[in-house]
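Taking it in order: structure first as structure tokens, then the write-up.
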Amino acid sequence: MLNRVMEWFRTLFGTPSSSSVAKERLRLVLLSDHLALAPDVIEAMRRELFDVISRYVEVDEAHSDVSFEHKEKGIAMLASIPILSIKPREPESLPKEETSVLEAVTVNGHTSDNYGRRPRKRRRRKASGASQTAPAQ
Amino acid sequence: METQRVVSVPSEAAPQLEIHAPSAPVESQKKPKARGRTIVVTSGKGGVGKTTTTANLGIALASRGAKVVLVDADVGLRNLDLVLGLESRVRYHVLDVLEGKVSLADALVRDKRVQTLYLLAAAQDREKDDIATDAMIGLIEQLRGEFDYVLIDSPAGIEMGFKNAIAAADEAIVVCTPEVAAVRDVDRVVGLLGNRITVQLVVNRIRPALVRKGKMLSVDDVNAILRLPLLGVLGDAPDVIIATNRGEPVALDDASETGAAYRAIAARIAGEDVAAPQAAEPEGLLDKLGSFFGGRR
């Protein structure tokens, strides 16, 4: 505890102590080590990333690249994913008669399968808010 | 970091085939003897105090009355005998036993200072690849039938010698010093130990005065990264150097502070609820002022 207070003063008045430099260097190098040692995790991450993006756009997976870049203060994941086309909005899976509210939801950027666990109140507010913009389309 | 673990072990329990509990007298006669614990002392990085720790924990555990054998798995760079002061009494080594030249009993060196402590030395004129992992597992299994504790002194590195050293171990003590390279290597080694082996941490060569001044990683700093159960903390004490010079490990010295720390670790290994590992010596006012007004680097 006291050490932490001292550390705080040190960083306030200039250069950090060598032990905090060591801590930060270790944090970064282990992050990078663990990424390098977990190709299966990276692959799973890449897979899911594509799945999500592919819901909205057609991507060119063959020319995609996911990599990691070491920055001074951390490691960044860089994904370069060429987009071929934008997918048409998914037609609602529910019958047309009930669409007035649901269409409005789609306009708002949420498809109808937007998680049944969303609190009811919020959904209603969103739906009513969007229904005002719906006629403009 | 489950994914980086190399040694994988089926987590499911064995299928239940037996319907009746084994109660027949024939089966109870066959019941195996109590098996000793096999603990590998490892670290990845060299020079952090694996051998010193193995020697002292062996002495401390044996002093408690347990029957202990220390196995030097550092083939080609035999040192445990030297740290223990038993170098003049080693006549045979692990490979002599594995190749059937001598019996296991003949190769074991008994420590005269602590009568329940034995050493199985490494071969000096051979290489680590000369030992087959299966042979090593067989040897350790044999030893654990005879001893309460089998402590295996692992070589540095993560190659064949390391793999042989951990192959038969159920528990591991990883030794780490408060240095970036040591912490990184321990992190790697813990990943390689896998889920099968229970891992505990010993932080060695802590210098509380430097920690206070922000010039050395603290035990908390080290373990904030490694997140391992902390078995013990050892100071960077000159008596360890002197003890190694003489071949009389500090755990033999009742007056030594580091010896007491090793005895506390041994008690904890034996399952005693000894006070939590000490973090640092009490802080003096001068230290506080000194570290506050500069002198950091």
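Since the structure is predicted, the reported quantities are computational estimates derived from the model, not experimental observations. Within every chain, numbering begins at 1; the chains are lettered A, B, ... in the order of the sequence lines, protein sequences first and strands thereafter.
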Practice item. Return the minimal non-hydrogen interatomic distance between A:Ser17 and B:Gly214, and the atom names on each side. Key: CB-O, 3.1 Å
Exercise for review: Take A:Leu26 and B:Leu217 through the side chain to side chain contact (heavy atoms under 4.5 Å, CB included) test and state the conclusion after the steps.
Suggested key: CA-CA 11 Å; A:Leu26 263 173; B:Leu217 290 171; 3.9 Å; yes
Check your understanding: Does atom CG of B:Asp273 have more than 12 heavy-atom neighbours from other groups under 6.0 Å away?
Key -> no
Point to revise | Rounded distance (nearest 0.5 Å) linking atom OG of A:Ser18 with atom NZ of B:Lys215 | key: 8.0 Å
Practice item. For A:Ile86, look at atom CD1 and say whether over 12 heavy atoms of other residues, nucleotides or ligands are found less than 6.0 Å away. Key: no
**Study point:** Straight-line distance of A:Leu30 CG to B:Leu226 CG, nearest 0.5 Å
**Key:** 7.5 Å
Review point. Counting only heavy atoms not in A:Arg46, do more than 12 sit closer than 6.0 Å to its CZ atom?
Key: yes
Review point. Charged N to carboxylate O below 4.0 Å: is that the case for A:Asp33 and B:Arg184?
Key: yes
Practice item. Answer yes or no: does atom CD of B:Glu127 have more than 12 heavy-atom neighbours from other residues, nucleotides or ligands under 6.0 Å? Key: no
**Study point:** Check: B:Val180 and A:Lys23 side chains under 4.5 Å, non-hydrogen atoms
**Key:** no
